[in-house]
Amino acid sequence: MNYFTKNLKFLTKTKINQNQLAHLMNTTRQAITSLLKTNDPRANTLIKISDIYNVSIDDLLRKDLEESN
């Protein structure tokens, strides 16, 4: 599992859940579930997630957010 996937799982469990994230990103919960399985998210997706969770893209991709808390 890469950091992005691990961090998104952590964030959807502790902050904004998958249903809320789907609503904020104007997409479906199924799309979020699919996103949780990807290793290569699109740039615009990273920007949206970064803004919603108030975390840098660099941290999303290169840092274990769960261990940082």
Side-chain angles (χ1 to χ4, degrees):
M1 179 183 320
N2 64 22
Y3 282 127
F4 172 74
T5 302
K6 183 175 183 174
N7 288 333
L8 189 55
K9 284 181 181 181
F10 170 70
L11 291 169
T12 58
K13 287 180 182 177
T14 61
K15 308 244 182 214
I16 296 170
N17 68 38
Q18 290 184 34
N19 289 327
Q20 294 166 324
L21 181 60
H23 177 74
L24 291 169
M25 292 183 67
N26 199 27
T27 191
T28 64
R29 186 175 184 282
Q30 291 81 6
I32 300 301
T33 300
S34 178
L35 187 58
L36 287 165
K37 299 175 186 174
T38 187
N39 291 324
D40 192 22
R42 295 179 178 221
N44 62 337
T45 300
L46 285 171
I47 292 167
K48 287 178 184 178
I49 291 170
S50 171
D51 288 345
I52 290 168
Y53 287 108
N54 196 27
V55 61
S56 73
I57 292 171
D58 190 53
D59 284 352
L60 276 174
L61 297 175
R62 299 176 57 182
K63 186 177 183 182
D64 187 336
L65 297 176
E66 187 172 8
E67 286 186 11
S68 299
N69 283 331

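Everything numeric here is computed off the predicted structure, so don't read it as measured data.
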>> Within the structure provided, determine whether I49 and F4 are in side-chain contact (heavy-atom separation under 4.5 Å).
In response: yes

> Taking N39 for the side chain and N2 for the main chain, is one N or O donor matched with an acceptor at less than 3.5 Å?
Replying inline: no

> Looking at side-chain heavy atoms only, is the closest gap between Y3 and D64 below 4.5 Å?
Replying inline: yes

> Under the 3.5 angstrom rule, does the side chain of S34 hit a backbone N or O of Q30 as a donor-acceptor pair?
Replying inline: no

>> Q18 and side chain to side chain contact (heavy atoms under 4.5 Å, CB included): which single residue from L11, L8, I32 fits?
In response: I32

>> Please give me the minimum heavy-atom distance between N7 and E66, naming the atom from each residue.
In response: OD1-N, 4.4 Å

> Below 4.5 Å, heavy atoms only, C-beta onward: do T27 and L35 meet side chain to side chain?
Replying inline: no

>> How about CG on N54, more than 12 heavy atoms from neighbouring residues, nucleotides or ligands closer than 6.0 Å, or not?
In response: no

>> Whether the side chain of N19 engages the backbone of R29 through a donor-acceptor N/O pair (distance < 3.5 Å, no angle test) should be reported.
In response: no

> Can you tell me how far the CD1 atom of I52 sits from the CD1 atom of I47, to the nearest 0.5 Å?
Replying inline: 12.0 Å

> Under the side chain to side chain contact (heavy atoms under 4.5 Å, CB included) criterion, do M25 and T45 qualify, and how do the steps go?
Replying inline: CA-CA 9 Å; M25 292 183 67; T45 300; 3.9 Å; yes

> Is it true that a side-chain atom of S56 and a backbone atom of S50 form a donor plus acceptor pair closer than 3.5 Å?
Replying inline: no

> L61 versus L46: any side-chain heavy-atom pair under 4.5 Å?
Replying inline: yes

